[in-house]
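Read through the structure below, which is laid out as structure tokens, and then see the notes.
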Amino acid sequence: MIVDQAIYRDGTRQPCGDLSEALDALRTGDDPHAFLWIGLKDPTDAEFGLVNDELKLHPLAVEDAVKGNQRAKVELYDNTMFVVLKTLRYVEETSDVETGEVMLFVGDRFVVTVRYGELSPLATVRKRLEATPEMLRHGEISVLHAVMDAIVDKYVEIDAELQNDLDEIEATVFGGHGEADSEQIYSLKREVVEFRRAATPLAAPLTMLHDGSRSPVSVKEMRLLFRDVADHLLRVIDHVESYDRLLTDVLNAHLAQITVQQNIDMRKISAWVAIAAVPTMIAGIYGMNFDNMPELSWKYAYFVVLAVMAGSCGSLYRAFRRSGWL
């Protein structure tokens with residue numbers, strides 16, 4: 001459905017009526033930076049078709065927008081730019097990273113933003129842009145920059161949250177501050193991979209937007225702003241890749257610790273079994289119904305047997321203690 005639509009002329013918002021008439025008026029007007037901004041949320045095929053009929057979007061881009069679940073990218077179709085961005089949200093209670101999707105069509109005097117799901121910064125982006133007319137005066141490309149900037153800023157926030165989670169896991173595994181959980185380590189690794197899938201594919205398209213030789217952005221000031229967003233994104237990607245490697249090392253170290261502890265436990269069990277074997281053997285022998293064992297007739301035979309058992313157990317215990325098995 002269409003959640004918002006407006007015309008922006010000289011950096012100020014104006015109401016929008018019929019789409020085709022508004023677009024014709026913008027293209028024939030005297031303001032080269034005036035544009036139409038249409039916002040869609042979870043559109044049906046019919047709703048998207050109405051917008052497409054007025055704006056004449058490229059069919060391949062429309063197909064990707066309708067299907068959704070696309071890789072982050074920037075594609076050029078004639079005089080229209082199609083952009084796919086992944087939005088992320090960090091869930092504090094579970095340390096999960098949830099993924100959403102935002103798509104933009106940036107064309108001649110128009111911008112169409114399409115969002116799927118609730119993970120979208122577009123409402124705050126529109127309000128922030130409307131509060132800064134000097135940015136809106138750059139035209140429709142200012143919307144693309146504002147959306148990308150908001151999404152990458154969210155990446156930076158989530159990057160800090162994942163860093164804290166990783167520090168806690170490292171302290172648990174290597175600092176002895178609690179019992180580590182392999183499932184928790186693996187779960188965080190999966191969230192890092194989810195983050196990486198959203199952020200990494202965006203690096204090349206952002207580089208293209210600020211590269212003067214390839215960029216479709218004609219305004220130098222806007223190219224510099226895109227370069228700033230790209231710098232933030234590349235720093236986040238470097239961090240996420242290091243988190244992935246560190247979590248692999250932490251998981252391997254944790255599994256090695258479990259193996260070592262299991263070996264120690266088995267040695268202890270073996271030691272106690274050996275200690276118990278001596279009295280068990282003696283008790284087994286003297287528990288038989290023999291008639292011709294001389295010591296059976298001794299006055300203090302019972303105490304002698306106990307002394308032998310105690311001495312044997314004591315010797316084994318001291319030997320195991322010296323070897324570190326107990």
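Heads up: numbering here begins at 1 and tracks the sequence.
Using modelled atom types, one side-chain atom of R27 and one backbone atom of D108 make a donor-acceptor pair closer than 3.5 Å. No donor-acceptor pair under 3.5 Å is formed between the side chain of R196 and the backbone N or O of V240. The backbone N or O of R89 sits nowhere less than 3.5 Å from a side-chain atom of E98 that would complete a donor-acceptor pair. Side-chain atoms of D31 come within 3.5 Å of backbone atoms of D10 as a donor-acceptor pair (strictly under, hydrogens ignored). Proximity of a side-chain donor or acceptor of T200 to a complementary backbone N or O of R197 within less than 3.5 Å is not detected.
Side-chain contact check for R109 versus L23: some heavy-atom pair is nearer than 4.5 Å. Counting heavy atoms from C-beta outward, H145 and H138 have side chains that stay 4.5 Å or more apart. For the pair L209 and P216, the minimum side-chain heavy-atom distance is below 4.5 Å. When side chains are defined from C-beta on, Y243 does not count as touching L188, because their heavy atoms never get closer than 4.5 Å. Counting heavy atoms from C-beta on, the side chains of L129 and V125 come closer than 4.5 Å. At least one side-chain heavy atom of R126 sits less than 4.5 Å from a side-chain heavy atom of D4. Annotation: side chain of M135 is in contact with side chain of L225 (closest heavy-atom distance under 4.5 Å). Contact of the H33 side chain with the R137 side chain is not registered, since no non-hydrogen atoms from C-beta on lie closer than 4.5 Å.
Hydrophobic clustering of Ile, Leu, Val, Met, Phe, Trp and Tyr side chains at less than 4.5 Å, counting indirect connections, keeps V91 apart from L88. In this structure, Y186 is not a member of the same hydrophobic cluster as L246, with clusters built from ILVMFWY side-chain heavy atoms closer than 4.5 Å. Tracing side-chain contacts under 4.5 Å through hydrophobic residues (I, L, V, M, F, W, Y), one reaches L202 starting from M208; they form part of the same cluster. By the rule that hydrophobic residues join a cluster once side-chain heavy atoms approach within less than 4.5 Å of another member, L224 and L206 end up as members of separate clusters. Residues I237 and F226 are members of one and the same hydrophobic cluster, defined by side-chain heavy-atom contacts under 4.5 angstrom among Ile, Leu, Val, Met, Phe, Trp and Tyr.
Exactly one of V84, T87, V114, V83 qualifies for a side chain to side chain contact (heavy atoms under 4.5 Å, CB included) with V102. That residue is T87. If you run salt bridge (Lys or Arg N to Asp or Glu O under 4.0 Å) between E101 and each of K73, K41, K86, only K86 comes through.
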### Message
Evaluate E161 against E157 for side chain to side chain contact (heavy atoms under 4.5 Å, CB included), listing each step before the verdict.
### Response
CA-CA 7 Å; E161 296 288 353; E157 295 177 13; 5.8 Å; no

### Query
Hey, mind stepping through N164 and E168 against side-chain hydrogen bond (donor to acceptor under 3.5 Å, both in side chains) and telling me if it holds?
CA-CA 6 Å; N164 292 335; E168 291 177 3; over 6 Å; no

### Task
Applying salt bridge (charged side-chain N to carboxylate O under 4.0 Å, His left out), run through K56 and D78 and close with a yes or a no.
CA-CA 11 Å; K56 309 302 181 187; D78 299 328; over 6 Å; no

### Message
With side chain to side chain contact (heavy atoms under 4.5 Å, CB included) as the criterion, how do Q163 and H239 come out once you've worked through the C-alpha distance, each side chain's angles and the decisive distance to 0.1 Å?
### Response
CA-CA 9 Å; Q163 175 67 66; H239 292 171; 6.0 Å; no

### Query
Between V51 and Q5, is a side chain to side chain contact (heavy atoms under 4.5 Å, CB included) present by the stated rule, with each step listed?
CA-CA 11 Å; V51 175; Q5 63 181 36; over 6 Å; no

### Trace of the side chain to side chain contact (heavy atoms under 4.5 Å, CB included) decision for D165 with E191
CA-CA 11 Å; D165 291 341; E191 301 310 318; over 6 Å; no

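We find the CD-OG1 distance between E75 and T80 to be 12.5 Å, quoted to the nearest 0.5 Å. Between Q14 atom CD and L36 atom CG the span is 11.5 Å, to the nearest 0.5 Å. To the nearest 0.5 Å, the span separating CE on M222 from CD1 on I141 amounts to 6.5 Å. Separation of atoms CG (L233) and CD1 (I151) is listed at 11.0 Å; rounding is to 0.5 Å. Note that NZ of K189 is 11.0 Å distant from CG of L166, once rounded to the nearest 0.5 Å. Expressed to the nearest 0.5 Å, how far CG of L26 lies from CD of E140 amounts to 9.5 Å.
A salt bridge does not link E130 with K127: every distance from a Lys NZ or Arg NE/NH1/NH2 to an Asp or Glu carboxylate oxygen is 4.0 Å or more. Here D149 does not pair with R128 in a salt bridge; the nearest charged N to carboxylate O distance is not below 4.0 Å.
Residues N52 and L57 come closest through the heavy atom pair OD1-N, 2.9 Å. The minimum heavy-atom distance linking M81 with L144 is given by the pair SD-CD2, 3.7 Å. Looking at every heavy atom in both residues, C16 comes nearest to A22 through SG-CB, 4.0 Å. Between A61 and F105, the shortest heavy-atom contact is CB-CE2, 3.5 Å. Scanning all heavy atoms of the two residues, the minimum distance from P15 to I7 falls at O-CD1, 3.9 Å.
Enclosure of atom CZ in R227 is not indicated, since only 12 or fewer non-hydrogen atoms of other residues, nucleotides or ligands lie within 6.0 angstrom.
The aromatic rings of W37 and Y8 lie tilted to each other, with the angle between the two planes from 30° to 60°.
Residues F110 and F35 place their aromatic rings such that the two centres sit no closer than 6.0 Å.
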